[in-house]
Each structure stands twice: as C-alpha cells, then as structure tokens.
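Everything quoted here is computed from the prediction, not taken from an experiment. Every heavy atom of this structure was used, including side-chain atoms; hydrogens, water molecules and symmetry mates were not. All chains are named by letter (A, B, ...) in the order of the sequence lines, taking the proteins before the strands, and each is independently numbered beginning at 1.
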Amino acid sequence: MSKNTPKAIRGTQDIFGADAEAFAFVVETFERVRKLYRFRRVEMPVFEKTEVFSRAIGETTDVVSKEMYSFEDRGGDSLTLRPEFTAGIARAFLTNGWQQHAPLKVATHGPLFRYERPQKGRYRQFHQIDAEIIGAGEPQADVELLAMADQLLKELGIEGVTLHLNTLGDAASRDAWRAGLIDYFGKVRGELSEDSQERLDKNPLRILDSKDPRDRAFVADAPKIDAYLSNEALAFFESVTSGLDAAGVKWARAESLVRGLDYYRHTAFEFIPDEGSEAAGKLGSQSTILGGGRYDGLMESLGGAATPAVGWAAGIERLAMLVDDKGAEPPLDVIVAVENDQAMAFAISAMRKLRDAGLTVDAIASGSPKKRFDKASKVNARALIAIDMRDGAPSANVRSGDQAGLTSRIDALLAPLL
RNA sequence: GCGAUCGUAGCUCAGUUGGUUAGAGCGCCGGUUUGUGGUACCGGAGGUCGCGGGUUCGAACCCCGUCGAUCGCCCCA
C-alpha cells in the first residue's frame, strides 16, 4: 500500500464478498417483510439540525452528550449526522403534515453515525433497518410492530434469539419508579460502583442492568416497576403480551430492561441472543440486535401535538453476522472462457444473448489464452462455454451437468450467431 | 473516554539470544506440459517489516510516541 494513499476513517467499513452479500440479504428480506405488513417506505436526510436530536433524544444521554458528529455548515447552523432514525422521522412527520396519514406505518434503512470506540459489531458509521408506527396509541400497534420484527428474524433464519419485554409505564408511572430507585440506591450510594454513582444522577434506571458485582448485590431488591404501574399502564401491558401470544411471538419478561433514551414510555423491548447460543458467540460483547419501544412523549419535545408512536431499529451489521451462511457467492449460470481473442466479438454477442434470456453470465477473457479454460473451470458455474476459433470461424463448446437441459438451451440461444 | 493484545508481500503467516541480500503457501503475470482439457513443472513481478523518534558498531526484533486493528469496560443497533 502506498503511503500516499489516504486511509479510511476509523470505524468505517468497506464491505465486500460474503459480508456484503449477507448485508444485502438482510436488507432484501426486510424490504420483503415490511411490505407484508404494509409499512410504507420513507427516505430521510442523513443530517438534520442538531436540535432535532438533542431535543428528541435527551441532552443527558450518551448519544447526545458525547457521540454525535456535529458540525457548523457555511451558513452557521449546527448540523448533525443522524445517530438514529426516530428523531428525524418524527421531525418529518411534523414538518410535512403527515398527521393526515395517521396512523402511519413507515420503514426505512440506511447509515447512521455515532462517535464511539469501534469494536466487534459496533462502528462509527453503521447501518440500521427501522420501522415505526406513528399516531397509534393502542397496544395493537406494539403487537403489530413486534410481530413484524419476529417474522423478519425468522425469515432471516436467525435462531436462538429471544424477545425481552418490559414496560416503563406511562409518564407518571415511570417518574414515580425513577424516584423510588433514586431513593433506594441513594441510601447505599457509597457502596455502588463508580459508574453507577454517576448513573444515579444521570440515568438511575440503568443501574438495574449493571454488570458490576458491587451493584448486583443491591439490584435484586430494588423497587420493581410493577409496583408503580397505574391501572391503565398495567392494562396496556397486558394487552400487548396477550396480543403477542395470539400472534405466536415468544417473549420473556425482563423487569430490569430499560432503554437509554429519554423518550421511551410503556413498552420497551430488545431481541437478545440466548445465553451460550451460537448467535451470542458470533456477536461478541454486543448483545442487542433489535431494540425499540413506545415513545409517546417525543413529538411534544419537538414542539408538535402529543402523538403516540412506537418503533424499533436493528443493526444490519449485527444481523448480517448471524446470517453469514446466506452470504455465499452469488450463483452463476454460465462462465465463458474466451480462448482466442479473435473470437472476442462473438463472445460479447453471445453473452448479451444469454443475459437477454435471463441467465447470469461472467467471462474469463484476459491473461494467457491457454490458461483461461482452467481458470473458468475453477469458477463455480452451472455451465462452461469454451469459445475458440475453428477453421477461421468462432466456435462455442458448451459443457454442463445439463441441469434442466441447460446445455441444449444455451446451444439453441447461440445457434443463430454461429 | 479507560484497559489489554496486536500491526512483516494483494491474502494467511514464518522470521532463532539483535547480526550479511527478510522467507513460505495461496493469489497474480509469463512460459513448458496437457489439447475437450479442472494436471504437473519452470520462471517473474510485488515488501522503505504501519508511521515517527530513540538505544546500539548493527533493529522486523529492544525503548518511547503516534496511527490503525482486534477484544473487553462504558453505551448502544
């Protein structure tokens, strides 16, 4: 590598080969499944005014306080490369009058940016698929959204992953629970880990899923959300769980599952690989492959009317790691070995003819003519066509396992050219 | 932001207690063999050993810094 060649930016990826095929498989499957549920496709800007994210996600969250790629444009506005989809979609909903379409089911996918330390399954430019239902306050919306997520994972062929489900209650329930946790952990503040002492001020809910043994000792007896749930919040959660049962979605209650972003209310969920499963091994220390929840308060934080909504996002790279057996080389019908450059024009016509007929075709037509056949024969194709000159005219010799009469089909297509 | 491990050819990797001109396999290019053939052999190109300093008569090897990768912590998809 030349020292004069610029390097890629840290945490970005150049994806090729099996990884790229797996990536495409995830996106294609998502596009197919979202149509089954009639989620409408939306395209969004990759950057927004910084306040879209800071107001929607919450100033104290890690995402906003230290992970955003923000910059000033030439007009002096502070802009930010999107760290997630939801805030931008909410902004679009409000600024484009999409209220007229409510309840609105939308889906999108693309790159997101977060300034973090890269490691397995975590990048500075990464990619997500995303689905949202906006303007629907009923628990059926949560069920619909989760049923799609569950079907997507099944159609991707991902095994050993379980839906972990919790409720954070409505705003009043969540605030009361939060106060209860601050009170409980505050009494033992000095015995908590350094991280959790900080969480106590910034995000006390997060202490619940701390891995530090000093914290674990107190977590078991910490106040539970269930004790703070209003009757309405409890009924909402029960509707979600019974709906999931009816949809055939397996789930597990996760009482300490909280989501990092301020806007979540009621349902919160993550699909996580089962302990010790093959999937867990492939993901390293990253565990969540799909996460989301209900964000009834988000629209108001952006100055809109109260609008209930629920959504999820999943990391394409993480999903792709779990479907790598789907990332094999794309199948090839025909490989052409051009063994004589004088037959090149014929070879070009022949390939166009075959491709017009819907066959996938590639060619070996460079390097030593004598070695082209050998190279072609190493390519995993259903048929091999050796093109050479015979008695001053181009000739084509077709070989295949003759699967479904492929040889005779090719011969018939090429006959008019000979 | 913190910690650990690691950077040698396009790829995967050797390289002895610091010692002449840094190697192999695969891949690539060319030739011979084969001539309806997926074989075998011969040859070639390609590396300022991540980058920058230092120690030494001498550094791929030891020391410092830096960049990057990997794996954890934090957080998240």
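- Using modelled atom types, one finds a donor on one side chain and an acceptor on the other under 3.5 Å when comparing A/Y295 with A/E132.
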*Would A/L417 and A/K353 count as a side chain to side chain contact (heavy atoms under 4.5 Å, CB included) if you check the C-alpha gap in whole Å, the side-chain angles of each, and the deciding distance to 0.1 Å?*
CA-CA 9 Å; A/L417 300 175; A/K353 191 89 176 173; 4.3 Å; yes
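- Rounded to whole Å, atom C1' of B/C74 lies 9 Å from atom CD of A/Q119.
- Taking atom CG on A/L163 and atom P on B/A77, their separation rounds to 15 Å, with Å as the unit.
- Straight-line distance between the P atoms of B/G15 and B/C61: roughly 15 Å, to the nearest whole Å.
- Rounded to whole angstrom, the span from the CG atom of A/D14 across to the P atom of B/A69 amounts to 11 Å.
- Regarding contacts with the backbone of B/G72, a side-chain N or O of A/S285 is found under 4.0 angstrom from either OP1 or OP2.
- Donor-acceptor pairing under 3.5 Å is lacking for the side chains of A/Q140 and A/E144.
- Ring orientation note: the planes of A/F23 and A/H127 are nearly perpendicular, at an angle over 60° on the 30°/60° scale.
- A 6.0 Å sphere centred on CZ of A/R352 holds no more than 12 heavy atoms belonging to other residues, nucleotides or ligands.
- Residues A/D226 and A/E255 meet the side-chain proximity criterion, which asks for heavy atoms closer than 4.5 Å.
- Between the side chain of A/R117 and the base of B/C74 there is no donor-acceptor pair of N/O atoms closer than 3.5 Å.
- For the C1' atom pair drawn from B/U8 and B/G68, the interatomic distance equals 16 Å after rounding to whole Å.
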*Go along nucleotides 32-41 of chain B 5' to 3' and tag each nucleotide: B for a protein heavy atom under 4.0 Å from its base, S when only backbone or sugar atoms are that close, - otherwise.*
S--BBBBB--
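- Between the CZ atom of A/R124 and the C1' atom of B/G1 there is a distance of 11 Å, rounded to whole Å.
- Using a 4.0 Å heavy-atom criterion, one finds that A/E84 contacts no nucleic acid atom at all.
- Cation-pi geometry between A/R124 and A/Y115 is met: under 6.0 angstrom from the ring centre, within 45 degrees of the axis.
- With C1' as the reference atom, B/C26 and B/G18 are 31 Å apart, rounded to whole Å.
- Using modelled atom types, one finds no donor on one side chain facing an acceptor on the other under 3.5 Å when comparing A/Q128 with A/E84.
- When the C1' atom is used for both B/C41 and B/U34, the distance is 12 Å, rounded to whole Å.
- The same atom, C1', is picked in B/A22 and in B/G47; the two are 9 Å apart, to the nearest Å.
- Side-chain atoms of A/R122 lie closest to B/C74 of the nucleotides B/G30, B/C74, B/C71.
- Of the candidate nucleotides B/A77, B/C75, B/G68, B/G68 has the atom lying nearest to any side-chain atom of A/R10.
- The NZ-P distance, from A/K202 to B/G1, rounds to 15 Å in whole Å.
- A gap of 12 Å separates the C1' atoms of B/G50 and B/C6, to the nearest Å.
- Comparing A/E270 and A/D212 by the nucleotide of RNA chain B whose heavy atom lies nearest to each, the residue mapping closer to the 5' end is A/D212.
- The side chain to side chain donor-acceptor pair (under 3.5 Å) test with A/H109 is passed by exactly one of A/R34, A/E43, A/R41: A/R41.
- Residue A/R214 contributes atom CZ, which lies 14 Å from atom C1' of B/C74 at whole-angstrom precision.
- At distances below 3.5 Å, at least one donor-acceptor pair connects side-chain atoms of A/N96 with backbone N or O atoms of A/A92.
- Annotation: B/G23 and B/C49 have their C1' atoms spaced 12 Å apart (nearest Å).
- Counting only heavy atoms from C-beta on, A/E116 has its side chain closest to B/A77 among B/A69, B/A77, B/G1.
- Of the candidates B/A77, B/C74, B/G30, the closest approach to any side-chain atom of A/D62 belongs to B/C74.
- Here B/A77 presents its P atom at 11 Å from CZ of A/F269, a figure rounded to the nearest Å.
- Map A/D195 and A/A313 each onto its nearest nucleotide of RNA chain B; the residue landing nearer the 5' end is A/D195.
- Donor-acceptor pairing under 3.5 Å is lacking for the side chains of A/S78 and A/S70.
- A donor and an acceptor atom, one from each side chain of A/T162 and A/D274, are located under 3.5 Å apart.
- Among the atoms of the strands shown, base atoms are found under 4.0 Å from some heavy atom of A/G121.
- With both ends at atom P, the span from B/U17 to B/U55 equals 25 Å, rounded to whole Å.
- Side-chain nitrogen and oxygen atoms of A/K375 include at least one within less than 4.0 Å of the OP1 or OP2 phosphate oxygen of B/C29.
- Taking atom NZ on A/K282 and atom P on B/C71, their separation rounds to 15 Å, with Å as the unit.
- Within 4.0 Å (heavy atoms only), A/Y123 reaches at least one base atom of the nucleic acid.
- The side chain of A/K211 contributes an N or O atom lying less than 4.0 Å from OP1 or OP2 of B/C74.
- Counting distance only, with no hydrogens placed and no angle test, the side-chain atoms of A/R199 and the base atoms of B/C75 include no donor-acceptor pair under 3.5 Å.
- Taking side-chain N and O atoms only, A/T61 has no distance below 4.0 Å to OP1 or OP2 of B/C75.
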*asked:* Pairs counted only when both distances fall under 3.5 Å, Watson-Crick or G-U: show me the 5' to 3' dot-bracket for RNA chain B, [ ] for pseudoknotted crossings and | for other-strand partners.
replied: (((((((..((((.....[...)))).(((((.......))))).....(((((..]....))))))))))))....
